[in-house]
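Okay, structure first, notes after.
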Amino acid sequence: MATVAKPQPWTYTLELPRDPRAPGIARATLRSVLDGHGMPELVETAELLTSELVTNAYVHTEGPSSVRVEGEEGDHLRVSVWDTCPRIPALFGGAEGDASGGPESDGGRGLLLVRRWASAWGSDGVDARAGGKVLWFELSRAERAASASPVGCAECVELEGARRKAVALGAARRTVEVATIAVRRHFREVHLPDGVMW
């Protein structure tokens, strides 16, 4: 009688210098990892949220960062981004006055996306020897399958479907831009708190 072993958890770590190319390198690496582990439905959301956290590390610190990707085949994904700054943003449980994404803020909007689109999110301080902090998010394959929209909105699904179709058909650049703007406008007007600009 054949037995099927339970899928084993896996972990990848990417060390990044303080470089403006770091978010793109993190996205490409994450896409390869998720494609390799058969989790294509998580790629776009995971890339966006990882890019936001790595960009946050680049903008708000003077040192390197690292991305840790952990998962179990076909189930659950956790992405953690470590950076050298110990200050945890208010949107992730830190002290008020840190980047909040409010209407007058120049920052924090990416963290709002993480909070809205992730299944779970949070922060961890690290020991004094290592320094810095870790911001993390989780995505669940089951939750993605239940809703093609990260916020469960049918109009989001319709607008994103039109955008993807335009890309897949090789539509003119302007057509793809208009479809992308429609997705963003809807998300901003319907899903972001009043006064928050994106």
Side-chain angles (χ1 to χ4, degrees), residues 12 14 16 19-60 65-71 76-83 89 91-92 99-101 105-123 134-153 155-168 176-193 196-198:
Y12 295 86
L14 175 64
L16 297 163
D19 186 294
R21 295 169 290 201
I25 292 167
R27 285 191 305 271
T29 302
L30 183 65
R31 176 175 290 276
S32 294
V33 168
L34 295 181
D35 285 345
H37 284 281
M39 301 174 91
E41 67 280 358
L42 297 181
V43 169
E44 286 188 14
T45 302
E47 277 185 328
L48 173 66
L49 303 186
T50 300
S51 183
E52 294 296 343
L53 294 183
V54 173
T55 299
N56 196 57
Y58 173 74
V59 169
H60 297 290
S65 61
S66 67
V67 177
R68 183 178 177 102
V69 182
E70 303 170 88
H76 180 81
L77 174 72
R78 181 178 177 129
V79 176
S80 305
V81 176
W82 168 85
D83 66 46
L91 285 171
F92 272 66
S100 66
S105 174
D106 286 334
R109 290 179 201 91
L111 299 180
L112 279 173
L113 290 176
V114 174
R115 287 180 51 163
R116 289 199 176 267
W117 289 30
S119 304
W121 52 266
S123 61
V134 174
L135 301 182
W136 56 267
F137 67 86
E138 295 178 352
L139 297 174
S140 168
R141 193 173 193 172
E143 290 175 14
R144 292 293 137 211
S147 170
S149 164
V151 292
C153 171
E155 190 170 352
C156 283
V157 172
E158 183 178 327
L159 290 169
E160 179 61 13
R163 186 195 70 79
R164 287 182 185 193
K165 184 176 180 181
V167 170
V176 173
E177 288 173 352
V178 168
T180 301
I181 290 167
V183 171
R184 290 179 176 172
R185 180 180 300 129
H186 167 75
F187 188 83
R188 181 182 64 237
E189 292 174 357
V190 175
H191 301 294
L192 288 181
V196 173
M197 299 301 293
W198 180 28

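- Note that CZ of R31 and CE of M39 are 14.0 Å apart. Values are rounded to the nearest 0.5 Å.
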Practice problem: Starting from the C-alpha separation in whole Å, work towards a yes-or-no answer on side chain to side chain contact (heavy atoms under 4.5 Å, CB included) for H37 and Y12. | Solution: CA-CA 12 Å; H37 284 281; Y12 295 86; 2.9 Å; yes
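- Closest approach of R27 and E47 over heavy atoms only: O-OE2, 3.3 Å.
- Atom OH of Y58 is separated from atom CZ of R21 by 9.5 Å, given to the nearest 0.5 angstrom.
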Exercise. Determine, step by step, whether R115 and L91 satisfy the side chain to side chain contact (heavy atoms under 4.5 Å, CB included) criterion, reporting the C-alpha distance in whole Å, the side-chain angles of both residues, the deciding distance to 0.1 Å, and the verdict.
Key: CA-CA 8 Å; R115 287 180 51 163; L91 285 171; 3.4 Å; yes
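- From L30, atom CG reaches atom CG of L48 across 11.0 Å, with rounding to the nearest 0.5 Å.
- Nearest heavy atoms, L77 versus A46: CD2-CB, 3.8 Å.
- The two residues P23 and T55 come nearest to each other via the heavy atoms CG-OG1, 3.3 Å.
- Annotation: side chain of L135 is in contact with side chain of N56 (closest heavy-atom distance under 4.5 Å).
- Cation-pi check for R68 over W82 is not met; the charged atom does not lie both under 6.0 angstrom from the ring centroid and within 45 degrees of its normal.
- T50 OG1 to L139 CG: the interatomic distance, rounded to the nearest 0.5 Å, is 8.0 Å.
- Using a 4.5 Å heavy-atom cutoff, the side chains of V79 and L49 are not in contact.
- Here the closest heavy-atom approach between residue F92 and residue S123 is recorded as O-OG, 2.9 Å.
- No side-chain heavy atom of E70 sits less than 4.5 Å from a side-chain heavy atom of W136.
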Quiz item: Taking it one step at a time, do I25 and L14 satisfy side chain to side chain contact (heavy atoms under 4.5 Å, CB included)?
Solution: CA-CA 9 Å; I25 292 167; L14 175 64; 4.3 Å; yes
Quiz item: Can you list the steps and then say if V114 with L53 is a side chain to side chain contact (heavy atoms under 4.5 Å, CB included)?
Solution: CA-CA 8 Å; V114 174; L53 294 183; 4.1 Å; yes
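- Nearest approach of A26 to V54, heavy atoms of both residues: CB-CG2, 4.0 Å.
- With S65 contributing its side chain and A57 its backbone, the two residues share no donor-acceptor pair below 3.5 Å.
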